Amino acid sequence: AENSIKPLVLFIKLLVPKYYGSMNGIRGQSTYFGGNYWSYWEAGIYVGIMPLLLSLYYLFRRKKGKAWLFGALGLFSLWFSMGKYGGLYYILYHLLPPLQKFRNPPRFSAFFVLTFSVLTGFAIDYIRKADRQILKGFLRILGALLLFALALEIYLRMGGTPSDYREMLYHGVRLKAVNVFLLVSLLSFLLFFAFYKTGNELYFSLIPLLIAFDLYIFGHDFPLGERDPTMYYDRNKLPAYVRNDGDVYRLNIRKDGYLYLPRNAGPIVGYEIIDGYEVLKLDRYIKFYMNALPALKFDLLNVKYRLNVDLARKAMEIVKNESYLPRAFLVREARSVDFEEALRGIKEGDFDYRSVALVESLGTERKTYSDSGTVEVLEKWDQGGVFSVSVPDSAFLVISEVWYPEWKVLLDGKETRFYPVDLTLLGVEVPPGKHRVELKFVPKSFYKGLKFTLLTLVVSVLLLLVSLKRERKRGS
């Protein structure tokens with residue numbers, strides 16, 4: 001339930017999105033004081049003042065119809081995004097196990113933004129054709145909103161200026177956000193009042209421009225800051241001997257709380273870093289990462305360069321790990337273990353991990369193999385690789401990739417069985433001779449989702465064509 005939104009905070013963010021500051025508030029520096037810094041964008045729920053009021057008013061006036069399909073989904077996702085503060089998330093979390101694979105309930109507010117954007121289109125069309133009584137009702141709502149914005153402005157100004165610098169900064173941030181809220185509320189009221197009084201379509205046609213203006217104020221600098229990302233994630237910070245090394249290897253950039261590069265820098269700077277993307281914590285890998293002895297961990301994970309911290313000199317440097325193992329290597333013995341035994345083995349390091357593999361579901365207590373062959377990396381990409389293996393006798397190949405059931409291992413083009421090795425790596429038996437071993441990541445969930453998406457797209461197009469055909473018949 002990380003970043004769950006309190007109902008009051010949600011209400012404020014729907015009307016005054018930067019009431020709690022922003023990540024690039026002053027000269028690109030953060031003035032956000034609404035919780036964890038990432039909650040600023042995770043809970044960035046804002047559709048604009050006019051779209052929000054138009055949609056809600058339309059739903060209120062139209063008690064039934066297709067609009068309520070969008071309205072119900074939007075309001076449901078808004079309630080769900082409250083997480084632990086709304087109650088609904090707790091119930092569904094326990095009733096629907098797949099939800100336990102997700103985090104950050106506010107992300108579900110994307111459905112609210114989508115559905116209310118569609119509702120805004122329905123509402124604009126409805127209001128444009130409505131009678132004066134309906135227009136008057138909406139004008140009253142805009143008037144009430146303007147009074148609320150004015151009262152909030154007066155409250156902040158009459159409250160005085162705090163003496164503490166931090167509070168003074170936050171006070172200024174709130175006041176600036178409320179100023180924008182008041183301005184947009186005033187423009188919305190004046191524009192709609194002019195349309196109500198004159199019935200001139202020109203005033204109504206300006207409503208989309210006002211909405212665009214409102215969203216521009218909120219979002220034009222949303223992802224911007226003073227820091228240049230190419231400098232922040234500077235791959236040239238790594239030593240030249242690392243940058244010029246064309247081998248297949250990984251890096252360790254963290255030690256005892258010290259970081260050589262920023263968090264999650266690996267995919268950006270183009271290096272494989274053993275921290276990976278930190279929010280993605282696979283069970284086997286995180287247990288291996290947190291429990292394995294340092295030397296065993298670095299060697300088995302193909303860490304050719306690691307971080308060294310010299311506290312006396314207050315310096316950090318990337319040094320070569322002389323004992324690292326290649327991305328794929330042969331062992332002379334495979335021992336059959338279960339998960340707990342593998343975990344204990346990498347904790348205690350009571351086996352020669354360079355020549356012995358702890359293999360789960362092996363079938364026999366232990367097997368011996370030839371380790372006198374050669375292994376060469378032919379190709380390597382993010383979702384797999386190709387290896388050339390030449391061995392005189394049966395061999396066991398250990399591949400330094402995180403074991404996951406949706407890998408596919410092809411031996412000379414034919415799918416073959418692979419095993420969990422040393423808790424988190426994977427291994428495959430190779431017969432005598434020269435072979436091509438290909439590793440592919442084929443996520444069944446992705447392709448299943450792709451099929452459902454394509455099916456939904458086809459059905460949607462067919463329904464649209466049927467709808468258009470019926471409209472033509474009615475017109476004729």
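Just so we're clear, the structure is a prediction, and the values are computed from it rather than from any experiment.
Other residues, nucleotides and ligands contribute more than 12 heavy atoms inside 6.0 Å of the CD atom of E201. Other residues, nucleotides and ligands place no more than 12 heavy atoms under 6.0 Å from the CZ atom of F60.
In this structure, the separation between CG on D338 and CG on L362 is 13.0 Å, given to the nearest 0.5 Å. Here the CG atom belonging to L175 is positioned 10.0 Å from the OH atom belonging to Y19, to the nearest 0.5 angstrom. Rounding to the nearest 0.5 Å gives a distance of 10.5 Å between OG1 of T416 and NE2 of H435. Within the model, atoms CG of L146 and CD1 of I141 stand 14.0 Å from one another, a figure rounded to the nearest 0.5 Å. The distance from atom CZ of R174 to atom OH of Y155, rounded to the nearest 0.5 Å, is 8.5 Å. Taken from CD1 in I5 to CE in M82, the straight-line distance is 8.0 Å, to the nearest 0.5 Å.
Put simply, the side chain of V386 reaches to within 4.5 Å of the side chain of W381, judged on heavy atoms. Side-chain contact between Y20 and Y170 is absent, with no heavy atoms from C-beta onward closer than 4.5 Å. Contact of the S185 side chain with the I49 side chain is registered, since non-hydrogen atoms from C-beta on lie closer than 4.5 Å. A 4.5 Å side-chain heavy-atom check between L210 and I207 finds every atom pair outside the cut-off. Put simply, the side chain of L251 does not reach to within 4.5 Å of the side chain of E272, judged on heavy atoms. Between K84 and Y90 the shortest side-chain heavy-atom distance does not fall below 4.5 Å. Side-chain contact between L54 and I124: present, with at least one pair of heavy atoms (C-beta onward) separated by less than 4.5 Å. Side-chain contact between L88 and F76 is present, with heavy atoms from C-beta onward closer than 4.5 Å.
Closest approach of R263 and L259 over heavy atoms only: CG-CD1, 3.7 Å. Nearest heavy-atom pair, S361 versus Y419, reported as atom, atom and distance to 0.1 Å: O-CE2, 3.4 Å. Heavy atoms only, all atoms of each residue included: L423 and F339 are closest at CD1-CE1, 3.5 Å. Nearest heavy atom pair, residue I253 against residue L307, reads O-CD2, 3.3 Å. The two atoms that bring D214 and G48 nearest to each other are OD2-CA, 3.3 Å, heavy atoms only.
In this model, no donor atom of one side chain and acceptor atom of the other lie less than 3.5 Å apart for N264 and Y233. Donor-acceptor pairing under 3.5 Å is recorded for the side chains of D275 and Y289.
Every residue meeting the side-chain hydrogen bond (donor to acceptor under 3.5 Å, both in side chains) condition with E153, not counting sequence neighbours, appears here in chain and number order: R157. Partners of R107 under the salt bridge (charged side-chain N to carboxylate O under 4.0 Å, His left out) rule, at least two apart in sequence or in another chain, are E42. For E360, the salt bridge (charged side-chain N to carboxylate O under 4.0 Å, His left out) criterion is met by R284, not counting sequence neighbours. Residues satisfying the salt bridge (charged side-chain N to carboxylate O under 4.0 Å, His left out) test with K6, not counting sequence neighbours, are none. Considering only residues two or more places apart in sequence or on other chains, F204 meets the ring-ring contact (aromatic ring centres under 6.0 Å, His included) condition with F195. Remark: D247 engages K304 in a salt bridge (charged side-chain N to carboxylate O under 4.0 Å, His left out) (not counting sequence neighbours). The ring-ring contact (aromatic ring centres under 6.0 Å, His included) check on Y89 picks up F80, Y93, with sequence neighbours excluded. Under the rule for a side-chain hydrogen bond (donor to acceptor under 3.5 Å, both in side chains), Y58 has no partner lying at least two apart in sequence or in another chain. Partners of Y216 according to the ring-ring contact (aromatic ring centres under 6.0 Å, His included) rule, which considers only residues two or more places apart in sequence or in another chain, are H220. Annotation: ring-ring contact (aromatic ring centres under 6.0 Å, His included) contacts of F396 (sequence neighbours excluded): Y369.
A centroid separation of less than 6.0 Å is found between the aromatic rings of Y249 and Y305.
D412 places a side-chain N or O within donor-acceptor distance of the main-chain N or O of R436, the cut-off being under 3.5 Å. Proximity of a side-chain donor or acceptor of W403 to a complementary backbone N or O of F418 within less than 3.5 Å is not detected. A distance-only check finds a donor-acceptor pair linking the side chain of K18 to the backbone of F218 [under 3.5 Å]. Although no hydrogens or angles enter the test, the distance criterion places no donor-acceptor pair under 3.5 Å between the side chain of N104 and the main chain of P106. Looking at W407, its side chain does come within 3.5 Å of a backbone N or O of V402 through a donor-acceptor pair. Panel note: side chain R250, backbone V303; no donor-acceptor pair is recorded below 3.5 Å.
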Just distance, no hydrogens or angles: give the donor-acceptor pairs under 3.5 Å from side chains in residues 111-122, sequence neighbours left out.
from, atom 1, to, atom 2, distance (Å)
T115, OG1, F111, O, 2.7
T115, OG1, F112, O, 3.2
S117, OG, V113, O, 2.6
T120, OG1, S55, OG, 3.3
T120, OG1, F116, O, 2.7

Let me check something: any side-chain donor-acceptor pairs from residues 454-469 under 3.5 Å, sequence neighbours excluded? List them with distances.
from, atom 1, to, atom 2, distance (Å)
T456, OG1, F452, O, 2.7
S460, OG, T456, O, 2.7

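Ion pairing between R128 and D125 holds under the 4.0 Å rule for side-chain N and carboxylate O. Between R327 and E401 there is a salt bridge, since a side-chain N of the basic residue sits under 4.0 Å from a carboxylate O of the acidic one.
A cation-pi arrangement is absent between R254 and Y260, since the terminal nitrogen or guanidinium carbon is not both under 6.0 Å from the aromatic centre and inside a 45° cone about the axis.
Note on ring orientation: taking the six-membered ring where Trp is involved, the planes of F192 and F138 are perpendicular (angle over 60°, cut-offs 30° and 60°).
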* Stepwise, does the side-chain contact (heavy atoms from CB on, under 4.5 Å) test hold for V359 with D422? -> CA-CA 7 Å; V359 184; D422 297 338; over 6 Å; no

